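Remarks on the structure that follows.
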Amino acid sequence: MIVVLKHGVTDDKRDQLISWLKNLGLQIHISVGAYQTVLGLIGDTSRVDMDLVGSLEIVDAVKRVTEPFKCCNRKFHPEDMVVDCQGVKIGGGNFVMIAGPCSVESEEQIVAVAKAVKAAGAQMLRGGAFKPRTSPYDFPGLKATGLELLKIARQETGLPFVTEIMSVADLPLFEDVDMLQVGARNMQNFDLLRELGKMDKPILLKRGLANTLKELLMSAEYIMANGNEQVVLCERGIRTYSDYTRNTLDISAVPMLHELSHLPVIVDPSHATGIAKLVPPCALAGAAAGADGLIIEVHNDPIHALCDGAQSLRPEEYAALAGKVKKLREAIV
């Protein structure tokens, strides 16, 4: 249920209403906009008399919310959410370019790629230290050593970085990580989501291989319901009947998620296609569809990459794409 307050309501009257609603056992999510304040009521709202609340002098409207996700629902928070990652803003008209290798392989590699993508305009670095692999024989990442190398790259370039966490047990290692990524395979790792909700760090939540948008938003709800509202959603392709690409990029997910939720939405064209030459057109499609950013894999030697070289752009290819994205956004924004 949401309660929309009239414009110009005093803080005292608003706080009195909030206190009364809290006494009914409800949690109150407050969204203050330029022209209205929205109170999101979370909990058992059956005890709330809608007619009584609607009759109050300070109340403009009372509406029931039928969707199961509340905290990440745009009805609760009409204005776009802006997530701040060490000064890099995502959402609300702020477009972010995130780039880097699938896996951190060495200090020389990650620093070289970080410098290259920064020169091309990237505002954040990506790199995998913990890698969930389909085969137990594939490179699993450098783990804690990889995190330390990412910190070196951050020190060398000033780029905040995002990297994937796979287990609650590894949380102590991520205290100095700028943004934590929940990968597709862990989108419904609810124990992990709950713990991330207790952190004061931005979370990049990727859509699962075969998950609906509602399921993605419910996973975001786990994080937000536990106190952390700094969530960025990521469309990274889903499993379909297509037999020519790694996954199928669901472009329609971008505007649909923006309609349903106030959270920023970015696109990962690298995992969506699995083919380097398809990354630029899909990246441009994501930007044209209204994404708040792109996360793209870049490697200085894709042929010898230990992970996902086939979908990685070379630094010069990324620079060319970044230029096209900039021109596209200038044309559509």
Side-chain angles (χ1 to χ4, degrees), residues 29 31 33 40 67 69-99 121-126 159-164 177-184 187 193 196-197 199-208 211 213-225 227-237 249-272 282-296 325-326 328-329 332-333:
H29 181 280
S31 177
E67 295 89 354
F69 47 92
K70 310 297 181 185
C71 297
C72 62
N73 198 313
R74 186 172 286 279
K75 294 175 183 176
F76 274 50
H77 196 296
E79 298 186 1
D80 290 342
M81 175 77 171
V82 178
V83 173
D84 189 317
C85 182
Q86 300 298 321
V88 177
K89 291 181 170 55
I90 311 170
N94 301 285
F95 191 86
V96 64
M97 291 288 281
I98 307 172
Q123 300 112 303
M124 289 184 64
L125 174 68
R126 63 141 294 151
L159 293 178
F161 67 88
V162 55
T163 190
E164 183 169 356
V177 170
D178 301 306
M179 174 181 272
L180 281 67
Q181 173 184 307
V182 178
M187 192 204 84
L193 299 179
L196 295 178
M199 301 182 71
D200 185 24
K201 285 183 179 291
I203 307 299
L204 177 61
L205 179 63
K206 287 196 166 188
R207 184 181 180 183
N211 287 106
L213 297 185
K214 182 183 289 186
E215 289 167 341
L216 172 61
L217 290 170
M218 290 307 296
S219 290
E221 193 79 4
Y222 266 90
I223 299 171
M224 299 179 74
N228 188 354
E229 296 186 348
Q230 303 177 81
V231 180
V232 177
L233 305 174
C234 181
E235 165 57 38
R236 45 81 68 206
L249 179 59
D250 183 4
I251 285 293
S252 65
V254 177
M256 193 71 247
L257 286 170
H258 276 143
E259 181 174 330
L260 294 169
S261 176
H262 61 284
L263 298 178
V265 182
I266 70 171
V267 168
D268 178 352
S270 302
H271 282 91
C282 287
L284 292 170
D292 297 297
L294 297 168
I295 180 168
I296 296 172
V325 171
K326 182 179 180 181
L328 172 66
R329 295 202 72 252
I332 64 176
V333 174

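Keep in mind that this is a model prediction, so the values were computed, not measured.
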| said: So, using side chain to side chain donor-acceptor pair (under 3.5 Å) as the criterion, who are the partners of Asn228 when residues are at least two apart? | reply: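 Side chain to side chain donor-acceptor pair (under 3.5 Å) list for Asn228, sorted by chain: empty.
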| For Arg207, what residues pass the side chain to side chain donor-acceptor pair (under 3.5 Å) criterion, not counting sequence neighbours? |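 Arg207 satisfies side chain to side chain donor-acceptor pair (under 3.5 Å) with Glu235, Asp250 only.
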Can you tell me how far the [atom1] atom of [X] sits from the [atom2] atom of [Y], to the nearest 0.5 Å?
X	Y	atom1	atom2	answer
Ser270	Ile296	OG	CD1	6.0 Å
Met97	Ile295	CE	CD1	11.0 Å
Ser31	Phe76	OG	CZ	10.5 Å
Leu263	Leu233	CG	CG	5.0 Å
Cys72	Leu217	SG	CG	4.5 Å
Lys89	Gln123	NZ	CD	12.0 Å

[X] versus [Y]: any side-chain heavy-atom pair under 4.5 Å?
X	Y	answer
Val325	Leu284	yes
Met81	Ile90	no
Val88	Ile98	no
Asn94	Val83	no
Phe95	Val333	no
Leu205	Ser219	yes
Asn211	Leu216	no
Glu229	His29	yes

| request: Could you note down all residue pairs passing side chain to side chain donor-acceptor pair (under 3.5 Å) where residues 256-266 supplies at least one of them, sequence neighbours left out? | output: His258-Asp292
| Sequence neighbours excluded, which residues qualify as ring-ring contact (aromatic ring centres under 6.0 Å, His included) partners of Tyr222? | Phe190
Nearest atoms (heavy-atom pairs only) where [X] meets [Y]:
X	Y	answer
Ala253	Leu213	CB-CD2, 3.8 Å
Gln86	Asp84	N-OD1, 3.5 Å
Asp268	Cys234	CB-SG, 3.8 Å
Val267	Gly286	CG2-CA, 4.2 Å

| task | Give a yes or no on this: more than 12 heavy atoms of other residues, nucleotides or ligands lie within 6.0 Å of atom NZ of Lys214. | result |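 Not buried by this count: 12 neighbours or fewer within 6.0 Å.
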| With sequence neighbours left out, what residues match Cys85 under side chain to side chain contact (heavy atoms under 4.5 Å, CB included)? |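 Counting only residues at least two positions away or on another chain, Cys85 forms a side chain to side chain contact (heavy atoms under 4.5 Å, CB included) with Met124, Pro160, Asp178, Met179, Pro202.
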| query | Got a sec, which residues hit side chain to side chain contact (heavy atoms under 4.5 Å, CB included) with Ala122, two or more places apart in sequence or on another chain? | reply |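 Listed in chain order: Ala99, Val117, Tyr318.
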| message | Regarding Glu164 and Lys206, does a basic nitrogen lie under 4.0 Å from an acidic carboxylate oxygen? | response |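 Not counted as a salt bridge, because no side-chain N and carboxylate O are separated by less than 4.0 Å.
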| query | Checking Gln230 side chain against Ile203 main chain: does a donor-acceptor pair fall under 3.5 Å? | reply | no
